Amino acid sequence: MAKAYDHLFKLLLIGDSGVGKTCLIIRFAEDNFNNTYISTIGIDFKIRTVDIEGKKIKLQVWDTAGQERFKTITTAYYRGAMNASAGVERLLLGNKCDMEAKRKVQKEQADKLAREHGIRFFETSAKSSMNVDEAFSSLARDILLKSGGRRSGNSNKPSSTDLKTCDKKNTNKCNLG
Ligand SMILES: Nc1nc2c(ncn2[C@@H]2O[C@H](COP(=O)(O)OP(=O)(O)OP(=O)(O)O)[C@@H](O)[C@H]2O)c(=O)[nH]1
């Protein structure tokens with residue numbers, strides 16, 4: 001029987017409570033959004049298979065609880081992921097970019113932080129869908145290329161001009177990696 005996917009990649013979202021980690025995963029995996037806030041308890045995951053560079057990539061996206069009281073559990077997962085591979089791909093997300101009036105972090109500040117860590121930065125909105133697919137796909141593509149995937153030569157990292165511009169933004173930070 002043909003395999004349903006070529007690669008399985010595991011992604012982990014970490015960030016403060018309420019920044020929208022669960023909503024980003026639900027938007028990505030189910031194309032849905034809910035304004036109700038139900039804080040994540042412990043850790044959970046959702047799956048979506050995407051097509052990248054002609055390969056079927058199954059993404060298992062893990063959601064962690066941002067609340068301080070779950071920190072022992074979530075950091076254990078986080079450390080596990082970091083230890084599993086020295087070269088974990090990381091991405092910085094500033095979510096809720098549909099709420100410009102309540103912006104907490106200036107774009108330049110986040111750009112600078114991402115540059116310092118040599119990672120990409122996306123402003124996303126789980127509510128409007130802005131850059132959600134782009135962010136997850138970009139990370140999956142980077143992992144694919146790094147793991148000796150399809151393309152040789154440049155890693156084809158999109159410049160910020162390739163990204164959809166989000167003109168109404170509020171940014172709380174959320175790591176996706
Ligand atoms: N306007 C707007 N609201 C959002 C967005 N993403 C999430 N929210 C809202 O923010 C609140 C928190 O979202 P969650 O996804 O539950 O946050 P979380 O980071 O998973 O929180 P914890 O589980 O406590 O770690 C909810 O009320 C969401 O509806 C967004 O992109 N735009």
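Note that ligands are numbered from 1 as they come in the structure, with each ligand's atoms numbered from 1 the same way. As the structure is a prediction and not an experimental result, all values here were calculated from the model.
- Counting atoms of ligand 1 from 1 in the listed order, those under 4.0 Å from a heavy atom of D16 are 19 (O).
- Here's the thing with G20: one of its N/O atoms is less than 3.5 angstrom from an N/O atom of ligand 1.
- Looking at D63 next to ligand 1, no N or O pair under 3.5 Å apart turns up.
- Near S39, meaning under 4.0 Å from one of its heavy atoms, ligand 1 places the atoms 22 (P), 23 (O), 24 (O).
- The part of N34 lying near ligand 1 is the backbone, judged by heavy-atom distances below 4.0 Å.
- Between L11 and I143 the shortest side-chain heavy-atom distance falls below 4.5 Å.
- Residue contacts with ligand 1 for A65 involve N, CA, C or O but no side-chain atom from C-beta outward (heavy atoms, distance under 4.0 Å).
- Numbered from 1 in the order shown, with element, the atoms of ligand 1 that lie under 4.0 Å from a heavy atom of S125 read 31 (O).
- The K21 neighbourhood of ligand 1 comprises atoms 15 (O), 17 (O), 18 (P), 19 (O), 20 (O), 21 (O), 22 (P), 25 (O), with distances under 4.0 Å to a heavy atom of that residue.
- For ligand 1, the atoms sitting less than 4.0 Å from at least one non-hydrogen atom of G66 are 22 (P), 25 (O), numbered in the order shown with element in parentheses.
- From the protein, the heavy atom lying nearest to atom 32 (N) of ligand 1 is D98 OD1, 2.7 Å.
- For the pair E108 and K112, the salt-bridge criterion is not met [side-chain N within less than 4.0 Å of a carboxylate O].
- The side-chain heavy atoms of I43 and L12, taken from C-beta on, include a pair separated by under 4.5 Å.
- Looking at atom 21 (O) of ligand 1, its nearest protein heavy atom turns out to be G18 N, 2.9 Å.
- Checking only distances, M99 never comes within under 3.5 Å of ligand 1, N or O to N or O.
- Closest of all the heavy-atom pairs between A65 and T40 is CB-O, 3.1 Å.
- For the pair K107 and E123, the salt-bridge criterion is not met [side-chain N within less than 4.0 Å of a carboxylate O].
- By the criterion of a heavy-atom distance under 4.0 Å, neither the backbone nor the side chain of T124 is placed next to ligand 1.
- Side-chain atoms of D98 and S128 form no donor-acceptor pair, as typed in the model, at a separation below 3.5 Å.
- The protein non-hydrogen atom at the shortest distance from atom 10 (O) of ligand 1 is K96 NZ, 3.0 Å.
- Nearest to atom 23 (O) of ligand 1 among the protein's heavy atoms is T40 N, 2.7 Å.
- A tilted orientation is assigned to the rings of W62 and F45, their planes being inclined by 30° to 60°.
- For the pair S137 (side chain) and E134 (backbone), a donor-acceptor distance under 3.5 Å is absent.
- Ligand 1 places these atoms under 4.0 Å from at least one heavy atom of C23: 6 (N), 7 (C), 13 (O), 15 (O), 28 (C), 29 (O).
- The existence of a salt bridge linking R48 and D31 is excluded, since no basic side-chain nitrogen approaches an acidic carboxylate oxygen closer than 4.0 Å.
- Counting heavy atoms under 4.0 Å from ligand 1, residue T22 touches it through both backbone and side chain.
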